[in-house]
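Worksheet: one structure, shown below.
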Amino acid sequence: MNEKEKMEPTAEKKAKVNKAPAKKGKKEKVDYTVVKEFKKNLKEQKQQTKQYSKKILKGEIVSTTGTTPNTDKYVIELVNVKKAYITGEVETPVLKGIDLSLEKGDFIVILGPSGSGKTTLLNVISGLDKVNSGDVFVLGYNLSLLKDVDLTKFRRDHVGFIFQQYNLLTNLTAKENAEVGENLSKSKEKDLTINDIFKTIGMEEQMNKYPHQMSGGQQQRVSIARALAKNPDILFGDEPTGALDEEMGRKVLEILVDVNKKYKTTVIIVTHNPNIADIANTVIHVRNGLIDQIKRNDKPKKPSDIDWS
Ligand SMILES: Nc1ncnc2c1ncn2[C@@H]1O[C@H](COP(=O)(O)OP(=O)(O)OP(=O)(O)O)[C@@H](O)[C@H]1O
């Protein structure tokens with residue numbers, strides 16, 4: 001992470017300069033220039049990705065916006081991040097120019113109305129999805145210029161996921177499911193053993209049970225164990241308590257808070273439930289594809305003390 005490489009002006013800027021003039025006297029329902037511009041940006045991003053992906057994965061800082069990420073302080077930095085979906089000739093912007101810096105070791109909750117872009121934001125900062133323009137620095141790696149194969153390597157080595165559905169392998173025991181996470185990880189020298197993890201999630205007694213022998217909450221805890229077995233820098237959760245009742249939901253949150261404190265893992269979760277924001281020390285409100293508000297919470301509550309519904 002030492003050698004810094006600045007690139008030519010962004011694809012976006014170039015595209016703006018080259019924008020085709022609108023046709024006079026003709027009312028068009030579809031703005032084809034927008035789609036053209038979008039495709040042109042993608043093409044340039046693809047070229048840059050080809051050129052820089054390997055270098056980025058090796059630790060080189062590459063920016064399309066001229067930004068140098070502060071990796072000592074921030075685990076994630078987003079600079080003018082835009083993402084849209086194209087259906088036919090219609091562009092639907094979803095992330096509309098997001099700037100965001102998230103501190104290492106924080107417990108972060110992302111809130112916002114349905115359709116505001118929460119999951120899309122989570123997917124781009126966790127390397128599950130790519131942006132169209134802007135920089136997505138995660139641990140200094142600019143994910144916006146990584147090839148799919150390098151994104152997979154990045155995810156394998158640095159991040160863990162928990163989803164609403166637990167996605168456990170039905171023919172493996174709890175312990176074996178967790179070991180899947182461990183096997184995916186590159187580094188085998190760890191300070192974190194599967195036994196330690198099961199102790200943390202309060203499931204030492206259940207290690208040899210199969211998913212169908214466990215409750216939803218217990219299965220979700222095993223999925224946390226699987227994510228932790230990789231010893232990730234960041235743990236991402238998309239509605240991790242969405243399928244659980246209150247009691248199980250609180251238990252899962254307690255474990256996430258524990259993990260955050262004990263292993264200093266940065267935890268970032270998306271939720272519909274605004275009460276859950278009370279356990280976070282950083283709360284991001286997304287609205288209409290933009291960050292509406294970021295709040296710091298100096299006195300996060302315990303999961304057992306928050307309201308639930
Ligand atoms: N693959 C896709 N193609 C087209 N549009 C999409 C796609 N994925 C998401 N969108 C649109 O992007 C917008 C944001 O979706 P996203 O899932 O990020 O919102 P959200 O805030 O997580 O919503 P919810 O809380 O309902 O899960 C929505 O309008 C959605 O319809």
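What's counted below: heavy atoms across the whole structure, side chains too, no hydrogens, waters or symmetry copies. Each ligand, and each atom within it, is numbered from 1 in the order the structure gives.
- The closest heavy-atom contact to atom 26 (O) of ligand 1, among the options G242, S114, P93, S116, comes from S114.
- We find the CD1-OG1 distance between I224 and T200 to be 10.5 Å, quoted to the nearest 0.5 Å.
- Proximity of K130 to S144: side-chain heavy atoms (C-beta onward) are nowhere separated by under 4.5 Å.
- Taking distance alone, with nitrogen or oxygen atoms compared against 3.5 Å, G117 approaches ligand 1 more closely than that limit.
- Within the 4.0 Å cut-off (strictly below), a protein heavy atom is located near atom 13 (C) of ligand 1.
- Taking atom 5 (N) of ligand 1 as the reference point, the nearest protein heavy-atom neighbour is Y85 CD1, 3.4 Å.
- Checked for salt-bridge contact, E254 and R250 miss the test: no charged N lies under 4.0 Å from a carboxylate O.
- The number of heavy-atom neighbours closer than 6.0 Å to NZ of K54, taken from other residues, nucleotides and ligands shown, is above 12.
- A side-chain hydrogen bond (donor to acceptor under 3.5 Å, both in side chains) with E239 is found for exactly one of H272, K118, Q164, Q165, namely H272.
- In E247, the CD atom is not crowded: 12 or fewer heavy atoms of neighbouring residues, nucleotides or ligands sit closer than 6.0 Å.
- Of the protein's non-hydrogen atoms, the one nearest atom 25 (O) of ligand 1 is K118 NZ, 2.7 Å.
- Assignment of T92 to the shell around ligand 1 is not supported, since no heavy atom sits closer than 4.0 Å.
- Protein heavy atom in closest approach to atom 28 (C) of ligand 1: G115 O, 3.9 Å.
- For atom 10 (N) of ligand 1, a protein heavy-atom neighbour is present inside the 4.0 Å cut-off.
- Atoms OH and CG, on Y52 and D150 in that order, are 15.5 Å from each other to the nearest 0.5 Å.
- The closest protein non-hydrogen atom to atom 27 (O) of ligand 1 is T119 OG1, 4.1 Å.
- D148 has no carboxylate O lying under 4.0 Å from a charged side-chain N of K153, or vice versa, which leaves the two without a salt bridge.
- Counting the atoms of ligand 1 from 1 in the order shown, those under 4.0 Å from a heavy atom of P113 are 21 (O).
- For atom 15 (O) of ligand 1, the closest non-hydrogen atom on the protein side is T120 OG1, 3.8 Å.
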